[in-house]
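Data block below; observations after.
As a basis for the values below, the full set of heavy atoms in this structure was taken, side chains included, without hydrogen atoms, waters or symmetry mates.
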Amino acid sequence: QVQLVESGGGLVQAGGSLRLSCAASGRTFSSYAMGWFRQAPGKEREFVAAISRSGGSTSYSDSVKGRFTISSNNAKNTVYLQMNSLKAEDTAAYSCAAAPGIYITTRPTDFGSWGQGTQVTVSS
């Protein structure tokens with residue numbers, strides 16, 4: 001398994017930006033596809049973005065497409081989520097997750113390792 005630690009969350013005004021980071025340790029980071037998910041109070045966990053092991057393929061939910069960008073740096077064992085034009089409805093706890101294999105996936109059940117999450121709060 002790989003251990004994941006998120007950082008970069010915080011309070012931001014609507015229209016602002018944040019960059020989340022997810023640092024991985026343990027097994028070889030480059031063996032995993034990575035994803036970001038979020039969960040708001042009283043709501044189910046929601047897929048946000050994913051990236052393949054090579055970084056060559058990405059996928060986004062319709063709600064964040066065009067505003068968020070996922071990227072990875074295998075040399076630093078880190079995946080990022082750049083969030084621009086933030087909206088109040090983006091408020092949630094954001095978690096990164098790792099899925100064994102080289103192909104991109106968006107299904108939570110494919111991800112075997114999860115971080116603790118970092119809170120993002122967008123004020124309107």
Side-chain angles (χ1 to χ4, degrees):
Q1 272 196 336
V2 61
Q3 289 76 47
L4 304 172
V5 178
E6 303 94 338
S7 62
L11 174 64
V12 63
Q13 288 188 334
S17 299
L18 282 175
R19 187 177 82 155
L20 305 183
S21 299
C22 173
S25 61
R27 301 201 52 186
T28 306
F29 177 75
S30 59
S31 299
Y32 294 84
M34 301 295 294
W36 285 96
F37 293 79
R38 67 187 182 186
Q39 188 167 19
K43 295 187 177 181
E44 293 187 353
R45 179 184 286 165
E46 174 189 18
F47 165 75
V48 176
I51 190 167
S52 62
R53 184 185 72 175
S54 68
S57 297
T58 58
S59 180
Y60 299 92
S61 68
D62 288 342
S63 61
V64 307
K65 194 173 296 181
R67 300 187 297 122
F68 291 12
T69 302
I70 188 171
S71 61
S72 62
N73 185 328
N74 286 351
K76 295 186 176 181
N77 288 352
T78 302
V79 64
Y80 305 97
L81 184 68
Q82 177 67 43
M83 306 185 295
N84 298 329
S85 302
L86 283 161
K87 305 175 182 179
E89 51 263 43
D90 294 320
T91 295
Y94 285 71
S95 299
C96 68
I102 63 173
Y103 298 112
I104 196 170
T105 179
T106 64
R107 298 182 301 184
T109 53
D110 288 338
F111 292 84
S113 300
W114 293 81
Q116 291 296 312
T118 185
Q119 179 67 35
V120 171
T121 302
V122 184
S123 62
S124 57

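For the ring-ring contact (aromatic ring centres under 6.0 Å, His included) condition, no pair includes a residue of residues 3-22, sequence neighbours left out.
Residues S95 and R45 have side chains not in contact (no heavy-atom distance under 4.5 Å, counting atoms from C-beta outward). Counting heavy atoms from C-beta on, the side chains of F111 and T105 come closer than 4.5 Å. Counting heavy atoms from C-beta on, the side chains of S72 and M34 never come closer than 4.5 Å. Side-chain contact check for R67 versus D90: some heavy-atom pair is nearer than 4.5 Å. Two residues are said to be in side-chain contact when any heavy atoms from C-beta on lie closer than 4.5 Å; Y32 and P100 meet this criterion.
Nearest approach of Y60 to T69, heavy atoms of both residues: OH-CA, 3.3 Å. Pairing each heavy atom of K65 with each of D62, the nearest pair is NZ-OD1, 3.4 Å. In terms of heavy-atom proximity, A40 sits nearest to A92 at N-CB, 3.9 Å. Here the closest non-hydrogen pair linking A14 and S124 is CB-CA, 4.2 Å. Nearest approach of S25 to V2, heavy atoms of both residues: O-CG2, 3.1 Å. The heavy-atom pair separating Q82 from S17 by the smallest distance is NE2-CB, 4.0 Å.
Taken together through direct or relayed side-chain contacts under 4.5 Å among Ile, Leu, Val, Met, Phe, Trp and Tyr, W114 and F47 form part of one hydrophobic cluster. The hydrophobic cluster containing I104 does not contain L4, counting ILVMFWY residues as joined when their side-chain heavy atoms lie under 4.5 angstrom apart, directly or transitively. When hydrophobic clusters are built by joining Ile, Leu, Val, Met, Phe, Trp and Tyr residues whose side-chain heavy atoms come closer than 4.5 Å, directly or via intermediates, W36 is grouped together with I51. Residues I70 and V64 are members of one and the same hydrophobic cluster, defined by side-chain heavy-atom contacts under 4.5 angstrom among Ile, Leu, Val, Met, Phe, Trp and Tyr.
No donor-acceptor pair closer than 3.5 Å links the side chain of T78 to the backbone N or O of A23.
Residues meeting the ring-ring contact (aromatic ring centres under 6.0 Å, His included) test with F68, sequence neighbours left out: none.
Paired with Y94 under the rule side chain to side chain donor-acceptor pair (under 3.5 Å), one option of R38, Q39, E6, Q119 passes, and it is R38.
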